[in-house]
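Bear in mind that the values here come from a model prediction, so they are computed numbers and not experimental data. Reckoned from all heavy atoms, side chains included, excluding hydrogens, waters and symmetry mates. Numbers restart at 1 for each chain; the letters A, B, ... are given by sequence-line order, proteins then strands.
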There are 2 protein chains.
Amino acid sequence: MRENREFILGQTRQYLTILDAAIEEFSRLGYKATSMQVIANRAGIPKANVHYYFKNKENLYREVLNHIIEVWNASFDEIQNDEDPAVALDRMIRAKVRLSYTHATASRLFANEIIHGAEHLGEYLKQDMRQWVRDKSRIIQSWIDTGKMDPVDPVHLIFLIWSSTQHYADFETQVLTILNRAEYESEMIDGIADFLSQVILKGCGLQAP
Amino acid sequence: MRENREFILGQTRQYLTILDAAIEEFSRLGYKATSMQVIANRAGIPKANVHYYFKNKENLYREVLNHIIEVWNASFDEIQNDEDPAVALDRMIRAKVRLSYTHATASRLFANEIIHGAEHLGEYLKQDMRQWVRDKSRIIQSWIDTGKMDPVDPVHLIFLIWSSTQHYADFETQVLTILNRAEYESEMIDGIADFLSQVILKGCGLQAP
DNA sequence: TTGTATATTGACCAGATGGTCAATATACCG
DNA sequence: CGGTATATTGACCATCTGGTCAATATACAA
(Lines give C-alpha, C1' and ligand atoms only; values in the text may rest on other atoms or scores of the structure.)
Protein backbone atom coordinates (compact mmCIF):
# COMPACT_ATOMS: atom_id res chain seq x y z
CA MET A 1 0.00 0.00 0.00
CA ARG A 2 1.26 3.47 -0.75
CA GLU A 3 -1.29 5.58 1.08
CA ASN A 4 -2.33 5.92 4.65
CA ARG A 5 -5.97 5.10 4.10
CA GLU A 6 -5.39 1.46 4.94
CA PHE A 7 -3.46 2.28 8.08
CA ILE A 8 -4.95 1.96 11.50
CA LEU A 9 -2.62 3.16 14.21
CA GLY A 10 0.32 2.56 11.92
CA GLN A 11 -0.66 -0.96 10.92
CA THR A 12 -2.56 -2.45 8.02
CA ARG A 13 -6.06 -3.81 8.45
CA GLN A 14 -4.90 -7.23 7.24
CA TYR A 15 -1.93 -7.11 9.58
CA LEU A 16 -4.27 -6.65 12.53
CA THR A 17 -6.67 -9.34 11.31
CA ILE A 18 -3.81 -11.82 11.32
CA LEU A 19 -2.60 -10.61 14.71
CA ASP A 20 -6.04 -11.13 16.23
CA ALA A 21 -6.32 -14.60 14.75
CA ALA A 22 -2.85 -15.42 16.04
CA ILE A 23 -3.63 -14.25 19.58
CA GLU A 24 -6.71 -16.44 19.63
CA GLU A 25 -4.96 -19.53 18.30
CA PHE A 26 -1.68 -19.21 20.22
CA SER A 27 -3.63 -18.81 23.45
CA ARG A 28 -5.35 -22.14 22.82
CA LEU A 29 -2.32 -24.39 22.61
CA GLY A 30 0.82 -22.30 22.96
CA TYR A 31 3.55 -21.54 20.47
CA LYS A 32 4.76 -24.89 19.24
CA ALA A 33 1.41 -26.63 19.02
CA THR A 34 -0.16 -23.87 16.96
CA SER A 35 0.25 -24.12 13.19
CA MET A 36 0.44 -21.27 10.72
CA GLN A 37 -2.31 -23.00 8.76
CA VAL A 38 -4.93 -22.72 11.54
CA ILE A 39 -4.00 -19.07 12.07
CA ALA A 40 -4.46 -18.46 8.33
CA ASN A 41 -7.78 -20.31 8.41
CA ARG A 42 -9.03 -18.22 11.31
CA ALA A 43 -7.93 -15.05 9.53
CA GLY A 44 -9.70 -16.33 6.41
CA ILE A 45 -6.70 -16.02 4.11
CA PRO A 46 -4.17 -18.39 2.52
CA LYS A 47 -1.16 -19.34 4.59
CA ALA A 48 1.24 -17.72 2.12
CA ASN A 49 -0.45 -14.41 2.77
CA VAL A 50 0.33 -14.68 6.47
CA HIS A 51 3.97 -15.09 5.54
CA TYR A 52 3.73 -11.96 3.45
CA TYR A 53 3.03 -9.91 6.60
CA PHE A 54 5.12 -11.88 9.09
CA LYS A 55 8.33 -13.38 7.88
CA ASN A 56 8.03 -16.46 10.07
CA LYS A 57 6.17 -18.06 12.96
CA GLU A 58 8.63 -16.92 15.62
CA ASN A 59 8.31 -13.35 14.37
CA LEU A 60 4.50 -13.48 14.42
CA TYR A 61 4.50 -14.88 17.95
CA ARG A 62 6.81 -12.17 19.23
CA GLU A 63 4.62 -9.50 17.68
CA VAL A 64 1.63 -11.09 19.39
CA LEU A 65 3.42 -10.95 22.74
CA ASN A 66 4.39 -7.32 22.21
CA HIS A 67 0.87 -6.40 21.16
CA ILE A 68 -0.57 -8.00 24.29
CA ILE A 69 1.91 -6.28 26.56
CA GLU A 70 0.92 -2.92 25.14
CA VAL A 71 -2.75 -3.52 25.95
CA TRP A 72 -1.70 -4.88 29.32
CA ASN A 73 0.43 -1.90 30.26
CA ALA A 74 -2.20 0.56 29.07
CA SER A 75 -4.74 -0.83 31.52
CA PHE A 76 -2.30 -1.15 34.38
CA ASP A 77 -3.03 0.89 37.39
CA GLU A 78 -0.30 2.69 39.21
CA ILE A 79 -0.07 2.92 42.97
CA GLN A 80 1.38 5.97 44.64
CA ASN A 81 3.60 6.37 47.62
CA ASP A 82 1.38 8.80 49.46
CA GLU A 83 -1.84 6.88 48.92
CA ASP A 84 -3.76 5.00 51.54
CA PRO A 85 -2.54 1.39 51.21
CA ALA A 86 -6.05 -0.04 51.60
CA VAL A 87 -7.37 2.12 48.77
CA ALA A 88 -4.37 1.45 46.53
CA LEU A 89 -4.29 -2.33 47.03
CA ASP A 90 -8.06 -2.63 46.72
CA ARG A 91 -7.91 -0.78 43.41
CA MET A 92 -5.00 -2.91 42.24
CA ILE A 93 -6.83 -6.15 43.04
CA ARG A 94 -10.04 -5.03 41.37
CA ALA A 95 -8.20 -3.85 38.26
CA LYS A 96 -6.44 -7.20 37.89
CA VAL A 97 -9.64 -9.21 38.40
CA ARG A 98 -11.35 -7.20 35.68
CA LEU A 99 -8.36 -7.55 33.39
CA SER A 100 -8.46 -11.32 33.83
CA TYR A 101 -12.10 -11.16 32.81
CA THR A 102 -11.86 -8.80 29.85
CA HIS A 103 -8.55 -10.14 28.52
CA ALA A 104 -8.72 -13.79 29.48
CA THR A 105 -7.15 -15.09 26.26
CA ALA A 106 -4.22 -12.73 26.62
CA SER A 107 -3.78 -13.85 30.20
CA ARG A 108 -3.76 -17.50 29.17
CA LEU A 109 -1.30 -16.86 26.37
CA PHE A 110 1.05 -15.25 28.83
CA ALA A 111 0.58 -17.96 31.43
CA ASN A 112 1.40 -20.50 28.77
CA GLU A 113 4.54 -18.68 27.76
CA ILE A 114 5.79 -18.49 31.33
CA ILE A 115 4.90 -22.08 32.24
CA HIS A 116 7.01 -23.20 29.33
CA GLY A 117 10.00 -21.24 30.53
CA ALA A 118 9.36 -17.85 28.87
CA GLU A 119 11.72 -18.80 26.04
CA HIS A 120 10.22 -16.28 23.65
CA LEU A 121 9.97 -13.40 26.09
CA GLY A 122 12.74 -10.94 25.42
CA GLU A 123 15.27 -10.28 28.14
CA TYR A 124 14.32 -6.62 28.22
CA LEU A 125 10.74 -7.57 29.02
CA LYS A 126 11.83 -9.65 31.97
CA GLN A 127 13.89 -6.73 33.18
CA ASP A 128 10.86 -4.46 32.83
CA MET A 129 8.84 -6.82 34.98
CA ARG A 130 11.61 -6.98 37.57
CA GLN A 131 11.78 -3.22 37.73
CA TRP A 132 7.99 -2.95 38.02
CA VAL A 133 7.97 -5.32 40.99
CA ARG A 134 10.86 -3.50 42.57
CA ASP A 135 9.06 -0.14 42.30
CA LYS A 136 5.81 -1.41 43.78
CA SER A 137 7.67 -3.29 46.50
CA ARG A 138 9.36 -0.10 47.58
CA ILE A 139 6.01 1.63 47.97
CA ILE A 140 4.56 -1.27 49.95
CA GLN A 141 7.68 -1.33 52.11
CA SER A 142 7.23 2.36 52.87
CA TRP A 143 3.70 1.65 54.07
CA ILE A 144 5.08 -1.03 56.35
CA ASP A 145 7.84 1.24 57.64
CA THR A 146 5.32 3.92 58.55
CA GLY A 147 3.20 1.37 60.40
CA LYS A 148 0.27 1.60 58.00
CA MET A 149 0.16 -2.17 57.45
CA ASP A 150 1.58 -5.45 58.76
CA PRO A 151 5.18 -6.32 57.95
CA VAL A 152 4.68 -8.77 55.09
CA ASP A 153 7.13 -9.47 52.28
CA PRO A 154 6.08 -7.00 49.54
CA VAL A 155 7.25 -9.19 46.66
CA HIS A 156 5.28 -12.19 47.87
CA LEU A 157 2.28 -9.93 48.39
CA ILE A 158 2.48 -8.95 44.72
CA PHE A 159 2.77 -12.63 43.77
CA LEU A 160 -0.29 -13.35 45.88
CA ILE A 161 -2.33 -10.69 44.10
CA TRP A 162 -1.10 -11.82 40.68
CA SER A 163 -1.72 -15.51 41.25
CA SER A 164 -5.11 -15.26 42.93
CA THR A 165 -6.53 -12.90 40.32
CA GLN A 166 -5.06 -14.59 37.25
CA HIS A 167 -6.32 -17.94 38.44
CA TYR A 168 -9.82 -17.06 37.31
CA ALA A 169 -8.64 -16.43 33.76
CA ASP A 170 -6.01 -19.14 33.35
CA PHE A 171 -7.96 -21.91 35.09
CA GLU A 172 -11.34 -20.75 33.87
CA THR A 173 -12.31 -24.29 32.82
CA GLN A 174 -11.64 -25.66 36.29
CA VAL A 175 -13.29 -22.78 38.11
CA LEU A 176 -16.46 -22.95 36.00
CA THR A 177 -16.63 -26.74 36.34
CA ILE A 178 -16.44 -26.53 40.11
CA LEU A 179 -18.89 -23.65 40.32
CA ASN A 180 -21.13 -25.54 37.88
CA ARG A 181 -21.46 -22.56 35.57
CA ALA A 182 -21.30 -22.24 31.80
CA GLU A 183 -19.48 -18.90 31.85
CA TYR A 184 -18.58 -15.97 34.06
CA GLU A 185 -21.10 -13.25 34.70
CA SER A 186 -20.26 -9.69 35.56
CA GLU A 187 -21.69 -9.98 39.08
CA MET A 188 -19.56 -13.05 39.77
CA ILE A 189 -16.48 -11.04 38.84
CA ASP A 190 -17.46 -8.37 41.34
CA GLY A 191 -17.98 -11.06 43.97
CA ILE A 192 -14.52 -12.45 43.32
CA ALA A 193 -12.97 -8.99 43.58
CA ASP A 194 -14.85 -8.38 46.86
CA PHE A 195 -13.66 -11.68 48.29
CA LEU A 196 -9.99 -11.25 47.31
CA SER A 197 -9.87 -7.64 48.43
CA GLN A 198 -11.47 -8.50 51.77
CA VAL A 199 -9.20 -11.44 52.60
CA ILE A 200 -5.90 -10.04 51.29
CA LEU A 201 -6.36 -6.59 52.84
CA LYS A 202 -7.35 -7.97 56.22
CA GLY A 203 -4.47 -10.44 55.91
CA CYS A 204 -2.12 -7.46 55.72
CA GLY A 205 -3.70 -5.74 58.69
CA LEU A 206 -5.69 -3.29 56.57
CA GLN A 207 -9.31 -2.29 56.74
CA ALA A 208 -11.36 -2.40 53.56
CA PRO A 209 -11.84 1.11 52.15
CA MET B 1 6.89 -61.42 30.19
CA ARG B 2 5.35 -64.41 31.90
CA GLU B 3 6.70 -64.00 35.42
CA ASN B 4 6.36 -61.37 38.06
CA ARG B 5 10.04 -60.63 38.47
CA GLU B 6 9.79 -57.73 36.05
CA PHE B 7 6.75 -56.30 37.78
CA ILE B 8 6.86 -53.29 40.03
CA LEU B 9 3.51 -52.50 41.55
CA GLY B 10 1.79 -54.27 38.67
CA GLN B 11 3.72 -52.47 35.95
CA THR B 12 6.80 -53.32 33.92
CA ARG B 13 10.06 -51.54 34.54
CA GLN B 14 10.10 -50.36 30.93
CA TYR B 15 6.50 -49.19 31.21
CA LEU B 16 7.47 -46.95 34.11
CA THR B 17 10.61 -45.69 32.36
CA ILE B 18 8.46 -44.50 29.48
CA LEU B 19 5.89 -42.99 31.83
CA ASP B 20 8.57 -40.99 33.63
CA ALA B 21 10.00 -39.75 30.35
CA ALA B 22 6.52 -38.83 29.17
CA ILE B 23 5.72 -36.86 32.34
CA GLU B 24 8.91 -34.89 31.93
CA GLU B 25 8.37 -34.13 28.25
CA PHE B 26 4.63 -33.44 28.32
CA SER B 27 5.14 -31.01 31.20
CA ARG B 28 7.54 -29.01 29.05
CA LEU B 29 5.27 -28.15 26.16
CA GLY B 30 1.90 -29.81 26.69
CA TYR B 31 0.19 -32.59 24.81
CA LYS B 32 0.18 -31.50 21.20
CA ALA B 33 3.63 -29.95 21.05
CA THR B 34 5.32 -33.03 22.51
CA SER B 35 6.40 -35.70 20.03
CA MET B 36 6.58 -39.43 20.63
CA GLN B 37 10.14 -39.29 19.31
CA VAL B 38 11.43 -37.01 22.08
CA ILE B 39 9.71 -39.16 24.68
CA ALA B 40 11.39 -42.24 23.19
CA ASN B 41 14.73 -40.44 23.13
CA ARG B 42 14.41 -39.46 26.79
CA ALA B 43 13.48 -43.04 27.67
CA GLY B 44 16.48 -44.23 25.64
CA ILE B 45 14.52 -46.61 23.42
CA PRO B 46 13.26 -46.62 19.82
CA LYS B 47 9.94 -44.96 19.17
CA ALA B 48 8.36 -48.23 18.03
CA ASN B 49 9.04 -49.65 21.47
CA VAL B 50 7.01 -46.88 23.07
CA HIS B 51 4.11 -47.88 20.86
CA TYR B 52 4.51 -51.43 22.04
CA TYR B 53 3.61 -50.35 25.60
CA PHE B 54 1.15 -47.56 24.77
CA LYS B 55 -1.04 -47.97 21.78
CA ASN B 56 -0.98 -44.27 20.88
CA LYS B 57 -0.06 -40.79 22.07
CA GLU B 58 -3.49 -40.01 23.48
CA ASN B 59 -3.40 -43.22 25.50
CA LEU B 60 0.07 -42.47 26.87
CA TYR B 61 -0.98 -38.97 27.85
CA ARG B 62 -4.04 -40.20 29.70
CA GLU B 63 -1.97 -42.73 31.59
CA VAL B 64 0.41 -39.94 32.53
CA LEU B 65 -2.46 -37.85 33.87
CA ASN B 66 -3.81 -40.81 35.87
CA HIS B 67 -0.37 -41.60 37.25
CA ILE B 68 0.09 -38.02 38.40
CA ILE B 69 -3.30 -37.90 40.05
CA GLU B 70 -2.48 -41.00 42.07
CA VAL B 71 0.69 -39.40 43.43
CA TRP B 72 -1.24 -36.20 43.98
CA ASN B 73 -4.06 -37.83 45.92
CA ALA B 74 -1.64 -39.89 48.00
CA SER B 75 0.05 -36.77 49.32
CA PHE B 76 -3.16 -34.86 49.85
CA ASP B 77 -3.92 -33.91 53.34
CA GLU B 78 -7.42 -34.24 54.67
CA ILE B 79 -9.03 -31.67 56.91
CA GLN B 80 -11.48 -32.72 59.57
CA ASN B 81 -14.68 -31.18 60.77
CA ASP B 82 -13.75 -31.08 64.44
CA GLU B 83 -10.28 -29.65 63.89
CA ASP B 84 -9.16 -26.17 64.73
CA PRO B 85 -9.54 -24.22 61.45
CA ALA B 86 -6.24 -22.40 61.91
CA VAL B 87 -4.36 -25.66 62.36
CA ALA B 88 -6.16 -27.36 59.49
CA LEU B 89 -5.78 -24.52 56.96
CA ASP B 90 -2.18 -23.91 57.96
CA ARG B 91 -1.40 -27.57 57.36
CA MET B 92 -3.26 -27.51 54.05
CA ILE B 93 -1.33 -24.47 52.82
CA ARG B 94 2.02 -25.89 53.88
CA ALA B 95 1.27 -29.25 52.26
CA LYS B 96 0.39 -27.61 48.95
CA VAL B 97 3.45 -25.36 48.96
CA ARG B 98 5.69 -28.38 49.51
CA LEU B 99 3.85 -30.34 46.82
CA SER B 100 4.43 -27.51 44.36
CA TYR B 101 8.10 -27.74 45.23
CA THR B 102 8.56 -31.51 45.16
CA HIS B 103 6.25 -32.16 42.21
CA ALA B 104 6.67 -29.01 40.15
CA THR B 105 6.66 -30.79 36.79
CA ALA B 106 3.42 -32.59 37.63
CA SER B 107 1.90 -29.28 38.70
CA ARG B 108 2.90 -27.64 35.44
CA LEU B 109 1.57 -30.53 33.40
CA PHE B 110 -1.76 -30.19 35.10
CA ALA B 111 -1.82 -26.41 34.80
CA ASN B 112 -1.13 -26.81 31.11
CA GLU B 113 -3.94 -29.29 30.69
CA ILE B 114 -6.44 -27.02 32.42
CA ILE B 115 -5.34 -23.83 30.65
CA HIS B 116 -5.98 -25.59 27.37
CA GLY B 117 -9.51 -26.51 28.38
CA ALA B 118 -8.91 -29.85 30.13
CA GLU B 119 -9.85 -31.68 26.94
CA HIS B 120 -8.03 -34.84 27.96
CA LEU B 121 -9.22 -34.91 31.55
CA GLY B 122 -11.92 -37.51 31.97
CA GLU B 123 -15.34 -36.37 33.06
CA TYR B 124 -15.16 -38.58 36.14
CA LEU B 125 -12.01 -36.77 37.22
CA LYS B 126 -13.71 -33.41 37.01
CA GLN B 127 -16.54 -34.81 39.08
CA ASP B 128 -14.03 -36.06 41.66
CA MET B 129 -12.59 -32.59 41.91
CA ARG B 130 -16.02 -31.06 42.26
CA GLN B 131 -16.88 -33.46 45.05
CA TRP B 132 -13.57 -32.79 46.80
CA VAL B 133 -14.23 -29.05 46.79
CA ARG B 134 -17.78 -29.61 47.97
CA ASP B 135 -16.60 -31.72 50.94
CA LYS B 136 -13.95 -29.25 52.04
CA SER B 137 -16.34 -26.33 51.56
CA ARG B 138 -18.83 -27.95 53.88
CA ILE B 139 -16.20 -28.23 56.62
CA ILE B 140 -15.12 -24.63 56.16
CA GLN B 141 -18.75 -23.53 56.22
CA SER B 142 -19.25 -25.35 59.53
CA TRP B 143 -16.34 -23.40 60.98
CA ILE B 144 -17.98 -20.20 59.83
CA ASP B 145 -21.38 -21.24 61.22
CA THR B 146 -19.87 -21.90 64.65
CA GLY B 147 -18.16 -18.52 64.60
CA LYS B 148 -14.64 -19.90 64.48
CA MET B 149 -13.70 -17.80 61.46
CA ASP B 150 -14.92 -14.91 59.28
CA PRO B 151 -17.78 -15.53 56.86
CA VAL B 152 -15.83 -15.92 53.62
CA ASP B 153 -16.92 -17.92 50.59
CA PRO B 154 -15.37 -21.38 51.19
CA VAL B 155 -15.01 -22.23 47.50
CA HIS B 156 -13.14 -19.02 46.73
CA LEU B 157 -10.98 -19.63 49.79
CA ILE B 158 -9.99 -22.99 48.31
CA PHE B 159 -9.27 -21.30 44.97
CA LEU B 160 -7.13 -18.76 46.79
CA ILE B 161 -5.08 -21.48 48.46
CA TRP B 162 -4.73 -23.42 45.20
CA SER B 163 -3.74 -20.46 43.07
CA SER B 164 -1.32 -18.83 45.47
CA THR B 165 0.55 -22.06 46.22
CA GLN B 166 0.61 -23.43 42.67
CA HIS B 167 1.90 -20.13 41.37
CA TYR B 168 5.36 -20.93 42.67
CA ALA B 169 5.49 -24.16 40.65
CA ASP B 170 3.71 -23.10 37.47
CA PHE B 171 5.32 -19.66 37.16
CA GLU B 172 8.66 -20.75 38.55
CA THR B 173 10.53 -19.01 35.72
CA GLN B 174 8.88 -15.68 36.45
CA VAL B 175 9.23 -15.96 40.23
CA LEU B 176 12.92 -16.85 40.04
CA THR B 177 13.60 -14.08 37.53
CA ILE B 178 12.02 -11.49 39.79
CA LEU B 179 13.68 -12.83 42.92
CA ASN B 180 16.94 -12.96 40.94
CA ARG B 181 17.61 -16.56 41.93
CA ALA B 182 18.77 -19.58 39.93
CA GLU B 183 16.54 -22.06 41.74
CA TYR B 184 14.39 -22.53 44.81
CA GLU B 185 16.00 -23.42 48.09
CA SER B 186 14.31 -25.29 50.89
CA GLU B 187 14.37 -22.29 53.22
CA MET B 188 12.68 -20.12 50.58
CA ILE B 189 9.88 -22.66 50.39
CA ASP B 190 9.39 -22.43 54.14
CA GLY B 191 9.35 -18.66 53.88
CA ILE B 192 6.67 -18.80 51.21
CA ALA B 193 4.57 -21.14 53.33
CA ASP B 194 4.97 -18.85 56.34
CA PHE B 195 3.91 -15.82 54.32
CA LEU B 196 0.86 -17.44 52.72
CA SER B 197 -0.28 -19.05 55.96
CA GLN B 198 0.09 -15.76 57.83
CA VAL B 199 -1.80 -13.59 55.33
CA ILE B 200 -4.55 -16.03 54.40
CA LEU B 201 -5.30 -17.10 57.97
CA LYS B 202 -5.39 -13.56 59.25
CA GLY B 203 -7.50 -12.64 56.23
CA CYS B 204 -10.09 -15.16 57.43
CA GLY B 205 -10.02 -13.85 60.98
CA LEU B 206 -7.84 -16.70 62.28
CA GLN B 207 -4.75 -16.61 64.44
CA ALA B 208 -1.68 -18.52 63.28
CA PRO B 209 -1.34 -21.76 65.22
C1' DT C 1 -4.89 3.94 -20.25
C1' DT C 2 -0.65 2.42 -18.83
C1' DG C 3 3.18 1.57 -15.58
C1' DT C 4 4.54 0.20 -11.23
C1' DA C 5 4.50 -0.86 -6.36
C1' DT C 6 1.77 -3.68 -3.37
C1' DA C 7 -1.13 -7.91 -2.29
C1' DT C 8 -2.92 -12.34 -2.98
C1' DT C 9 -2.64 -16.98 -4.17
C1' DG C 10 -1.85 -22.15 -5.32
C1' DA C 11 1.77 -25.19 -6.05
C1' DC C 12 5.56 -26.90 -4.12
C1' DC C 13 9.62 -28.41 -0.89
C1' DA C 14 12.23 -30.73 2.80
C1' DG C 15 11.68 -32.26 7.26
C1' DA C 16 8.96 -33.83 11.17
C1' DT C 17 4.79 -36.11 12.81
C1' DG C 18 1.97 -40.29 14.68
C1' DG C 19 1.58 -44.77 13.67
C1' DT C 20 2.37 -49.67 11.50
C1' DC C 21 4.70 -53.89 10.44
C1' DA C 22 7.52 -57.65 9.61
C1' DA C 23 11.89 -59.25 11.15
C1' DT C 24 14.60 -60.22 14.84
C1' DA C 25 16.11 -60.86 19.59
C1' DT C 26 15.41 -62.29 24.33
C1' DA C 27 13.64 -64.84 28.23
C1' DC C 28 11.59 -68.63 30.19
C1' DC C 29 9.47 -73.37 30.38
C1' DG C 30 9.42 -78.15 29.53
C1' DC D 1 18.29 -78.59 23.97
C1' DG D 2 13.97 -76.71 21.39
C1' DG D 3 9.62 -74.22 21.50
C1' DT D 4 6.87 -70.42 22.44
C1' DA D 5 5.33 -66.10 24.39
C1' DT D 6 7.26 -61.57 24.99
C1' DA D 7 10.30 -57.54 23.59
C1' DT D 8 13.01 -54.85 20.64
C1' DT D 9 14.07 -52.76 16.46
C1' DG D 10 14.72 -50.31 11.76
C1' DA D 11 12.33 -49.44 7.73
C1' DC D 12 8.42 -47.53 6.09
C1' DC D 13 3.92 -44.66 5.21
C1' DA D 14 0.48 -40.94 4.88
C1' DT D 15 -0.13 -36.62 6.68
C1' DC D 16 1.12 -32.30 8.46
C1' DT D 17 4.73 -28.81 9.44
C1' DG D 18 7.07 -24.10 8.40
C1' DG D 19 8.55 -21.85 4.65
C1' DT D 20 9.43 -20.42 -0.48
C1' DC D 21 8.36 -18.87 -5.03
C1' DA D 22 6.68 -17.56 -9.30
C1' DA D 23 2.36 -16.21 -11.22
C1' DT D 24 -1.33 -13.36 -10.82
C1' DA D 25 -4.42 -9.73 -9.15
C1' DT D 26 -5.28 -5.19 -7.30
C1' DA D 27 -4.69 -0.34 -6.36
C1' DC D 28 -3.07 3.95 -7.54
C1' DA D 29 -0.33 7.74 -9.75
C1' DA D 30 0.70 9.93 -13.96
CE of A:Met36 versus P of C:dG15: gap in Å, rounded? 20 Å
Any side-chain heavy-atom pair from B:Asp153 and A:Ile192 closer than 4.5 angstrom? no
Can you measure B:Lys57 atom NZ to D:dT15 atom C1' for me and round it to whole angstrom units? 14 Å
Distance-minimising heavy-atom pair for B:Arg108 and B:Ser27: CB-O, 4.4 Å
Side chains of B:Lys32 and B:Tyr61, heavy atoms from C-beta outward: is any pair under 4.5 Å? no
Close N or O pairs between protein and nucleotides 8-10 of chain D (under 3.5 Å):
{"unit_1": "D:dT8", "atom_1": "OP1", "unit_2": "B:Gln14", "atom_2": "NE2", "d": "3.2"}
{"unit_1": "D:dT8", "atom_1": "OP2", "unit_2": "B:Asn49", "atom_2": "OD1", "d": "3.4"}
{"unit_1": "D:dT8", "atom_1": "OP2", "unit_2": "B:Asn49", "atom_2": "ND2", "d": "3.4"}
{"unit_1": "D:dT8", "atom_1": "OP2", "unit_2": "B:Tyr53", "atom_2": "OH", "d": "2.9"}
{"unit_1": "D:dT8", "atom_1": "O5'", "unit_2": "B:Asn49", "atom_2": "ND2", "d": "3.4"}

Whole angstrom value for the distance that separates P of D:dT17 from CG of A:Leu29: 11 Å
If you find the nucleotide of DNA chain D closest to A:Ala33 and the one closest to A:Lys55, which residue's nucleotide is nearer the 5' end? A:Ala33
Would you check if there is a donor-acceptor pair between the side chains of A:Tyr31 and A:Glu119 at a distance under 3.5 Å? no
Less than 4.0 angstrom from a charged side-chain N to a carboxylate O is my criterion; do A:Asp194 and A:Arg94 meet it? yes
Starting at atom NE2 of A:His51, determine the distance to atom C1' of D:dT17, rounded to an integer number of angstrom. 10 Å
Among the candidates C:dG19, C:dG18, D:dG19, find the nucleotide nearest to the side-chain atoms of A:Asn56. D:dG19
Once you round it to whole Å, what is the distance between C1' of D:dT15 and NZ of B:Lys32? 13 Å
Rounded to whole angstroms, how far apart are CG on B:Asn59 and C1' on C:dT20? 16 Å
To the nearest Å, give me how far apart CD1 (A:Ile39) and C1' (D:dT17) are. 13 Å
Parallel under 30°, tilted from 30 to 60°, perpendicular over 60°: which one fits the rings of B:Trp72 and B:His103? perpendicular
A:Asn41 has an atom CG; how far is it from atom P of D:dT17, in whole Å? 10 Å
